[in-house]
Each structure stands twice: as C-alpha cells, then as structure tokens.
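Written out below as structure tokens is the structure these notes cover.
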Amino acid sequence: MSPTTQFQPTCHVCGRGVLDRVKVYRLSGCAVVVGYVILIPTVIGMAAGGFVFIGSFLPVEPAVAGSEGLPQEVALAAGGAGLMLFFASLVGGLLGWLLVMKKWVLRCTSCRATIAAN
Ligand SMILES: [Zn+2]
C-alpha cells in the first residue's frame, strides 16, 4: 500500500492504469478557440466601457483657460455609451466564458479513457 492520501481508483477499461483527476475543456477545441476570440475583446470592452463611464463623472478641466469644460449633455451621453459598452461586453464575455469552461474528469494514466467526475 502506498502512503498516498489521494483516492486513485484503478481503470476498469484496461485494468492496469490508475484514474487521475484532471481538468479538461467542456467543449471541443474549435468552440474553445471561438470562446477565447470572443473573450479577449470583451475584456477590453469592459475595461474601456467602465473607464468611460467613471470618467464621465469626473470634472473636466477646460483645455483652454477661460473656456467652458465638457457640456453636461456630452458627459451624460458618454457615460451612457460607456455603460452600454460595459454591459454588452459583459454579456459577450459570459458567452465566451461558457465556451472555455472546464470540467473535472477521471483519466486513466495508461489507456487515456475518461470518466466524468463531479
Ligand atoms: Zn485504462
């Protein structure tokens, strides 16, 4: 008996290997690639949208002394656009995240047979 504390059942397919707990992608490689393609711009979109939204609340210094700052309507519109970009990116990001989600499986070290694990 090995003094390991990890539970490693023997493979029932080949009877030789042991089942290792590994994390694999839930979907096929193609869907995972699509997921990352969606995920990368949405992360940037969320950051940009949040930045514009927060920035619209900050007082804008007049570029030229004596001139007016950013009109309130423009700041409000920019804030709204920023918020919309943020939420659109959030929804897209969730979709991308669903595609790249991983799951735990038990995989045989000998024959590579996989069994679903919780
Ligand atoms: Zn096996």
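On a predicted model such as this, the values are computed, not experimentally measured, just so you know. Numbering of ligands and ligand atoms starts at 1, following listing order.
- Using a 4.5 Å cut-off on side-chain heavy atoms (C-beta onward), Y36 and V32 make contact.
- Remark: side-chain polar atoms of T109 are not paired, donor with acceptor, to backbone N or O of G17 under 3.5 angstrom.
- Within a 6.0 Å radius of CE in M101, more than 12 heavy atoms belonging to other residues, nucleotides or ligands are found.
- Among the atoms of H12, no N, O or S atom falls under 2.8 Å of the Zn ion (ligand 1).
- Rounding to 10 degrees, one finds that the Zn ion (ligand 1) sits at the corner of an angle of 110° between C111 SG and C11 SG.
- Note: angle at the Zn ion (ligand 1), from SG of C14 to SG of C108, is 110° (rounded to 10 degrees).
- The shortest side-chain heavy-atom distance between T114 and V24 does not fall under the 4.5 Å cut-off.
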